[in-house]
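Inspection log for the structure reproduced underneath, given as structure tokens.
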Amino acid sequence: MHLTTPDELPAGEQDDDEGDDSEGGDELYEHHRIQANRKQELLRLDKFLLQRIPKTSRTRIQNAILAGAVQVNSQAVKSNYRVKPLDIITVTLPEPPREFKVMPEPMDLDIRYEDPELLLVNKPAGLVVHPAFGHWQGTLVNGLAHHLANLPTGRNGEVRPGLVHRIDKDTSGLLVIGKSEYAMTYLSNQFFHHTIERTYLALVWGVPAEAQGTISTNIGRSIKDRKVQAVFPFEGEYGRTAVTHYKVLQAYGQVALVQCNLETGRTHQIRVHLKHIGHPLFGDATYGGDRVVYGQRTGAYKAFAEKALALLPRQALHAKSLGFEHPISREFMQFEAELPADFAAVLEMWQEYAGAPTAD
């Protein structure tokens, strides 16, 4: 990334790194890095940021400062801090309001925890998280808009759905929702600084040679097919840094149950990374896991594998646990969600077929 020097700009340097906006992008925040120029006059931090960050509000900025999501020269400061020449200010904000209106819809939500600041929901596979082209209704956000009568709103009354991260439509598991502007900002800051603990369970084709390891690459839209993601050289010029830690929990013949912990949250990160090391997710049509990848392509084994694929016609990926610091109490909270029925049934099939013990 090119960093413009302060002398090259009349008012300051700004480099925005916004969270991925496509379905499946995991982190929903915008990040700003601003450097004051050499002739910057002393100015309150909140006023300085209001001038530098477009389409925002003083309340939004003040919430970010209060949540510790604004740092000057790598140190958290207060709103009345006076910006000085060459100061470097970093800001993490929740995703800005959408231009469209979200229609509230009654929905049976599997809520695992709720208090005045946030709620935790266990999303079933098949449910789109956020309205987008082709999915304006029937999404999790539509259900949240009905459940939460007072979702945070933008300056013009746009509904802010409270999301600070997402999971793919056909992935099941836990999502945390901020019910206030402050809670959203506080949670977004944790996602940006990688202090959120996220554990996924994935059923993959084959058994990784290394029982545990770390996959570090860049991830970006494929040059050959813009509908999918692909890996690129780590710290290269294309894509964004993505880091996944994995551990094989149990092998079941030609498949394995793998635990994945994320440092970053790129679109389809786990799916792309596991395919990259030769072990696509079981049932993942987008990345080649919806066919027999390991084992014989004929006979009884093929028939068994295809039966298992028919039982789970989606990627076998579940967001099992989520840990974060509460915005108000500052208590670290940890939650877990059991495997959904289809995932559990397929796992049991492979256990019986391989004669393997049940994974812990």
Side-chain angles (χ1 to χ4, degrees), residues 24 123-127 167-173 199-215 217 219 222 224-225 227-231 242 244-262 267-321 336-360:
K123 186 191 83 69
L127 179 63
I167 54 179
D168 293 330
K169 171 189 174 183
D170 289 327
T171 298
S172 58
T199 299
Y200 288 75
L201 292 181
L203 186 65
V204 304
W205 281 107
V207 182
E210 299 292 333
Q212 59 185 25
T214 297
I215 309 168
T217 71
I219 287 180
S222 170
K224 296 180 180 179
D225 183 355
K227 295 181 180 180
V228 301
Q229 303 294 305
V231 300
T244 304
H245 306 285
Y246 75 88
K247 178 181 179 181
V248 177
L249 299 180
Q250 185 66 56
Y252 303 108
Q254 303 299 333
V255 300
L257 183 65
V258 176
Q259 173 181 303
C260 295
N261 294 90
L262 298 178
T267 300
H268 300 176
Q269 178 173 321
I270 292 174
R271 300 163 66 186
V272 175
H273 267 171
L274 290 175
K275 178 189 178 182
H276 175 63
I277 64 171
H279 300 283
L281 266 63
F282 185 85
D284 191 347
T286 302
Y287 296 100
D290 61 338
R291 55 183 175 80
V292 179
V293 179
Y294 283 78
Q296 296 180 352
R297 273 64 166 182
T298 60
Y301 170 77
K302 179 185 178 184
F304 164 80
E306 290 181 343
K307 181 179 179 181
L309 286 167
L311 184 59
L312 186 71
R314 62 176 181 88
Q315 68 262 15
L317 186 61
H318 176 63
K320 176 187 177 183
S321 70
E336 290 197 3
E338 67 284 354
L339 284 174
D342 56 354
F343 195 143
V346 165
L347 191 60
E348 185 176 355
M349 285 181 64
W350 281 103
Q351 289 170 350
E352 293 179 354
Y353 185 85
T358 302
D360 292 333

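For the numbers below, each heavy atom of this structure counts, side chains included, while hydrogens, waters and symmetry mates do not. Numbers here are sequence positions counted from 1.
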Donor-acceptor under 3.5 Å (Trp205 side chain, Gly289 main chain): yes
Considering all heavy atoms, the nearest Gly206-Tyr294 contact: N-CD1, 3.5 Å
Heavy-atom side-chain contact between Gln212 and Val248 under 4.5 Å: no
Asp290 side chain reached by Asp284 side chain, heavy atoms, under 4.5 Å: no
Residue pair Glu210 / Pro208, side-chain heavy-atom distance below 4.5 Å: no
Heavy-atom closest pair, residues Ile219 and Thr267: CG2-O, 4.1 Å
Full working for side-chain contact (heavy atoms from CB on, under 4.5 Å) between Arg314 and Leu312: CA-CA 6 Å; Arg314 62 176 181 88; Leu312 186 71; 3.7 Å; yes
Ring center gap for Tyr353 and Tyr252 short of 6.0 angstrom: no
Whether Tyr287 side chain and Gln229 backbone form a donor-acceptor pair below 3.5 Å: yes
Under 3.5 Å: donor-acceptor pair, side chain of Lys123, backbone of Lys169: yes
From Lys275 atom NZ to Ile215 atom CD1, the distance as rounded to the nearest 0.5 Å: 13.5 Å
Contact check, side chains of Tyr246 and His273, non-hydrogen atoms, under 4.5 Å: no
Taking every non-hydrogen atom, the tightest pair across Gly288 and Val293: O-CG2, 3.5 Å
Side chain proximity check, Ser172 to Pro124, heavy atoms < 4.5 angstrom: no
Closest heavy-atom pair and its distance - Ala251, Val207: CB-CG2, 3.7 Å
side-chain contact (heavy atoms from CB on, under 4.5 Å) evaluation trace for Val272 with Val231: CA-CA 7 Å; Val272 175; Val231 300; 3.5 Å; yes
Derivation of the side-chain contact (heavy atoms from CB on, under 4.5 Å) call for Val228 and His268: CA-CA 8 Å; Val228 301; His268 300 176; 5.8 Å; no
Parallel, tilted or perpendicular, as decided by the 30° and 60° cut-offs, for the rings of Phe343 and His318: perpendicular
N/O donor-acceptor pair under 3.5 Å between Asp168 side chain and Asp170 backbone: no
Point-to-point distance, once rounded to the nearest 0.5 Å, from OG1 of Thr171 to CD of Gln315: 4.0 Å
Leu201/Val258 under side-chain contact (heavy atoms from CB on, under 4.5 Å): CA gap, chis, key distance, verdict: CA-CA 6 Å; Leu201 292 181; Val258 176; over 6 Å; no
Pairs meeting criterion side-chain hydrogen bond (donor to acceptor under 3.5 Å, both in side chains) with involvement of residues 297-306, two or more places apart: none
Minimum side-chain heavy-atom gap Leu347-Leu203 below 4.5 Å: yes
OG1-NZ distance between Thr214 and Lys247, expressed to the nearest 0.5 angstrom: 13.0 Å
Leu274 side chain near Cys260 side chain, heavy-atom distance below 4.5 Å: yes
Side-chain H-bond candidate by donor/acceptor type, Gln269 with Thr244, under 3.5 Å: yes
Derivation and outcome, side-chain hydrogen bond (donor to acceptor under 3.5 Å, both in side chains), residues Thr199 and Gln259: CA-CA 7 Å; Thr199 299; Gln259 173 181 303; 4.8 Å; no
Distance, nearest 0.5 Å, that separates CD of Gln250 from CH2 of Trp350: 14.0 Å
Side chains of Ile270 and Leu317 in contact at under 4.5 Å (non-hydrogen atoms): yes
Pairwise distance CG(Leu339) to NZ(Lys320) - rounded to 0.5 angstrom: 8.0 Å
